[in-house]
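Down below is the structure, laid out as structure tokens.
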Amino acid sequence: MKHLLSIADLSTEEITSVLDTAVSMHEVQDRQVKKLPTLRGRTIINFFFEDSTRTRASFEIAGKWMSADTINLTGKGTSVSKGESLRDTAMTIAAMGVDMMIIRHPASGAPAQIADWVDCSIVNAGDGTHEHPSQALLDAYTMRRALGDLEGRHVGIVGDLTHSRVLRSNLLCLRALGARVTLVAPPTLMPSGIAGWAATDGFEVSYDLDEVLPQVDAVMMLRVQQERMSGGYFPTAKEYAVGYGLSARRLALLPEHAVICHPGPMNRGLEISADAADAARSLVLDQVSAGVAVRMSILYHLLAGEGDAQ
Ligand code: CP
């Protein structure tokens, strides 16, 4: 693996290898001295053109715990804001001898484009509405820890599917691991051409959350991305919550063993109630914790190659 641009580029064996290595990386989190020598002398740039809390911080922590030199840049504080092109900026940073750029960008395909321009490893940390592969890997890792092997497990993915890069990566990752997936959204937030896509990629579609919840092993609630909406996708926030929010009433529809995921940031009271977000079966903070371990594993696979992770 040189880049991580899309889950579609990974074989099932590569996905499994990232998840398995993350298990040993996760142990570092419980140590008093959180430091491995694995990436000593390697330089990683976090280049974020869009806001982030979880992804940016966890990639930076992951790099630091593996002894890499990590540097953070945002679009606002760089020469991009003076009119420099993305190509010139990317090539300028690459010319400084960095080993990896971790890129979040509002344009779908920007990290793949940069990978064509420079020689270093590129990680897609979320590009427009396209993909967020490290999120899908950490989601799979978290669900696997809670439920065991995901082969045959049923995952419901619910919410603003039209604007979700997390959906696209999760669908690819969960299907590769053999999970059954059902997508649930109001018709206005279901991606266009969903029937053909479902037939090709082998997932199910529903518009009835109450019907799906009793069948799932995990439900993943996705954020309503109001910043990407130019029109009225639903009448009011209250009507969205009534139709598609994971309310206290709906929590009771889940099987006893079923878990709740949300990649964050959450809109409490809209797609997820406080009862659901803070429930004992909620894995929201487990996902955040797993984010560091899985991103350490990604850095290991891309920069350290095969061998002993310790
Ligand atoms: N889930 C996720 O990508 O969160 P951030 O935007 O905080 O990185």
Side-chain angles (χ1 to χ4, degrees), residues 3-16 18-19 104-113 124-140 142-144 150-234 240 243-246 261-263 271:
H3 306 299
L4 178 60
L5 300 171
S6 163
I7 294 290
D9 298 335
L10 303 182
S11 65
T12 302
E13 290 69 32
E14 285 172 321
I15 292 172
T16 305
V18 170
L19 303 187
R104 172 168 289 191
H105 201 282
S108 299
Q113 180 66 76
N124 177 3
D127 61 331
T129 57
H130 174 229
E131 274 214 48
H132 193 350
S134 64
Q135 180 69 47
L137 291 165
L138 77 86
D139 291 340
T142 308
M143 285 185 268
R144 207 172 72 149
L150 295 182
E151 175 87 41
R153 291 292 197 172
H154 189 183
V155 181
I157 305 182
V158 185
D160 178 359
L161 307 183
T162 292
H163 301 102
S164 180
R165 54 196 177 207
V166 173
L167 162 69
R168 278 161 248 283
S169 292
N170 258 295
L171 202 44
L172 290 165
C173 189
L174 289 167
R175 294 295 297 128
L177 294 172
R180 174 185 169 197
V181 179
T182 300
L183 305 191
V184 187
T188 49
L189 290 173
M190 194 63 90
S192 61
I194 192 72
W197 185 18
T200 315
D201 286 26
F203 59 86
E204 294 151 63
V205 172
S206 171
Y207 299 94
D208 187 343
L209 183 54
D210 287 359
E211 190 180 84
V212 172
L213 286 176
Q215 306 171 33
V216 299
D217 298 295
V219 61
M220 182 179 297
M221 304 307 296
L222 296 183
R223 185 170 68 89
V224 174
Q225 300 192 37
Q226 304 200 55
E227 77 278 14
R228 294 191 206 274
M229 294 181 181
S230 52
Y233 286 82
F234 46 86
Y240 181 87
Y244 291 92
L246 190 58
C261 296
H262 191 309
E271 73 268 2

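For reference, positions follow the sequence shown, starting with 1.
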CG-SG distance between Asp139 and Cys261, expressed to the nearest 0.5 angstrom: 6.0 Å
Minimum-distance pair of heavy atoms, taken over all atoms of Asp9 and Leu5: OD2-CB, 3.9 Å
Any non-hydrogen side-chain atom of Val216 less than 4.5 Å from a side-chain atom of Thr182? no
Under 3.5 Å, is there a donor-acceptor pair between the side chain of Glu131 and the main chain of Ile7? yes
Report the distance from atom CG of Leu10 to atom CG of Leu172, rounding to the nearest 0.5 Å. 9.5 Å
Using 0.5 Å steps for rounding, measure from the OG1 atom of Thr129 to the CD atom of Gln225. 8.5 Å
So which pairs with a foot in residues 203-212 pass salt bridge (Lys or Arg N to Asp or Glu O under 4.0 Å), sequence neighbours left out? Arg180-Glu204, Asp210-Arg249, Asp210-Arg250
Student check: side-chain heavy atoms of His132 and Arg104 closer than 4.5 Å: yes
Kindly determine whether Tyr244 and Val224 satisfy side-chain contact (heavy atoms from CB on, under 4.5 Å), including the steps that lead there. CA-CA 11 Å; Tyr244 291 92; Val224 174; over 6 Å; no
Could you grab the distance from atom CG of Leu209 to atom CE of Met221, nearest 0.5 Å is fine? 6.0 Å
Here the salt bridge (Lys or Arg N to Asp or Glu O under 4.0 Å) pairs for residues 153-175, sequence neighbours left out, are Glu50-Arg165, Arg153-Asp217
How long is the straight-line distance from CG of Asn124 back to NE2 of His130, given to the nearest 0.5 Å? 7.5 Å
Rounded to the nearest 0.5 Å, how far does CG of Leu161 lie from CG of Asn170? 11.0 Å
Within the 4.5 Å heavy-atom criterion, are Leu150 and Val155 side-chain neighbours or not? no
For Ser169 and Pro133, work out which heavy atoms get closest and say how close. OG-N, 3.4 Å
Heavy-atom distance under 4.5 Å between the side chains of Val18 and Leu4, does that happen here? no
Do you know which two heavy atoms are closest between Val181 and Leu183, and how far apart they sit? CG1-CD2, 3.8 Å
Give a yes or no answer on whether the side chain of Glu271 reaches the backbone of Gly159 with a donor-acceptor pair at less than 3.5 Å. no
Work out which heavy atom in Asp127 is nearest to a heavy atom in Pro111; give both atom names and the distance. CB-CD, 3.5 Å
Contacts under 3.5 angstrom, residues 186-203 side chains, donor-acceptor by atom type, not counting sequence neighbours:
| unit_1 | atom_1 | unit_2 | atom_2 | d |
| --- | --- | --- | --- | --- |
| Thr188 | OG1 | Tyr233 | O | 2.6 |
| Trp197 | NE1 | Asp201 | OD2 | 3.2 |
| Thr200 | OG1 | Gly196 | O | 2.7 |

Please walk me through it: do His262 and Arg223 pass side-chain contact (heavy atoms from CB on, under 4.5 Å)? CA-CA 8 Å; His262 191 309; Arg223 185 170 68 89; 4.0 Å; yes
